[in-house]
Amino acid sequence: MACRIGELVLGCRDPEALARFWCEVLDFVVLDREDNEYFEIGARDGFGGSQPTIILSSRDEPEPGKSRLHIDLNATDRDQDAELERLLKLGARPADIGQTGEESWHVLVDPEGNEFCLLKRRINPL
């Protein structure tokens, strides 16, 4: 039997704000929360469903060094340019990690500076 990803955990200073951001980006909902210290967000079918959930857990300070994990996104209902515009309006910011400008993806950061990429290829929604 193989494994599958059940949840991703992201330490952050403001879990509630990041929950709002990522819920808007991914069309997720808040599945669980404990005060303002812990938020679990995911697809409407919940933990163990169609997609991994994301745990946003309060940390006073980010862990030192560059994160070794980032999220790659694919738009489902619009082209990459339109999705980029939507993400920027939600609070994402462009990130320069040494791109040449020839890449087919955009490197962005969420409101707390966590990197993620918006890929060119559209995929079908679940």
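Small disclaimer: the values here were computed from a predicted structure and weren't measured. Hydrogens, waters and symmetry mates play no part in the numbers below; they use all other heavy atoms, side chains included.
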Checklist outcome for this item: When rounded to the nearest 0.5 Å, the distance separating CG of Leu31 from CD1 of Ile41 is 8.5 Å
Checklist entry - Counting distance only, does the side-chain N/O of Asp35 pair as donor-acceptor with the main-chain N or O of Glu37 below 3.5 Å? => result no
Checklist entry - Would you say Gln99's side chain and Ile97's backbone share a donor-acceptor pair under 3.5 angstrom? => result yes
Next on the checklist: Between Gln80 and Ser104 (side chain of the first, backbone of the second, donor and acceptor by atom type, cut-off under 3.5 Å), is there such a pair?
Outcome noted: yes
Checklist entry - Taking atom CD1 of Ile54 and atom CG of Leu18, what is their separation to the nearest 0.5 Å? => result 10.0 Å
Next on the checklist: For a 4.5 angstrom cut-off between non-hydrogen side-chain atoms, does Arg59 reach Ser57?
Outcome noted: yes
Checklist outcome for this item: Closest non-hydrogen atoms of His70 and Cys117, given as atom of the first, atom of the second and distance, are NE2-SG, 3.8 Å
Checklist entry - When rounded to the nearest 0.5 angstrom, what is the spacing between CZ in Phe21 and CG in Leu90? => result 6.0 Å
Next on the checklist: Is there a path of hydrophobic side-chain contacts, each under 4.5 Å between heavy atoms, that joins Leu73 and Leu119?
Outcome noted: no
Next on the checklist: Between Glu85 and Lys89, does any NZ, NE, NH1 or NH2 come within less than 4.0 Å of an OD or OE carboxylate oxygen?
Outcome noted: yes
Checklist entry - When hydrophobic residues are tied together by side-chain contacts of less than 4.5 Å, even through go-betweens, does Leu26 share a cluster with Leu10? => result yes
Next on the checklist: More than 12 heavy atoms of other residues, nucleotides or ligands under 6.0 Å from CD1 of Ile5: yes or no?
Outcome noted: no
Item to check | With Pro94, the side chain to side chain contact (heavy atoms under 4.5 Å, CB included) member among Leu87, Leu88, Val107 | outcome: Leu88
Next on the checklist: Could you measure the distance from the CG atom of Asn36 to the CD atom of Glu16? Nearest 0.5 Å is fine.
Outcome noted: 4.5 Å
Checklist entry - Going only through I, L, V, M, F, W and Y residues with side-chain contacts under 4.5 Å, is there a path from Tyr38 to Val9? => result yes
Checklist entry - Any sub-3.5 Å donor-acceptor pair from Glu40's side-chain atoms to Thr53's backbone N or O? => result no
Item to check | Atom of Pro15, atom of Phe39 and distance for their closest heavy-atom approach | outcome: CB-CD1, 3.6 Å
Checklist entry - Is it true that a side-chain atom of Arg44 and a backbone atom of Asp27 form a donor plus acceptor pair closer than 3.5 Å? => result yes
Next on the checklist: Using 0.5 Å steps for rounding, measure from the CZ atom of Arg78 to the CG atom of Leu84.
Outcome noted: 11.5 Å
Checklist entry - In terms of hydrophobic clustering (I, L, V, M, F, W, Y; side-chain heavy atoms under 4.5 Å; direct or indirect links), are Trp22 and Ile55 co-clustered? => result no
Checklist entry - How many angstroms lie between atom CD of Glu83 and atom NZ of Lys120, to the nearest 0.5 angstrom? => result 13.0 Å
Next on the checklist: Donor-acceptor pair, distance only, cut-off 3.5 Å: does the side chain of Glu7 make one with the backbone of Phe47?
Outcome noted: no
Checklist entry - Can you check whether Val25's main-chain N or O pairs, donor with acceptor, with Arg86's side chain at less than 3.5 Å? => result yes
Item to check | Hydrophobic cluster membership, Ile71 vs Trp105, 4.5 Å side-chain cutoff | outcome: no
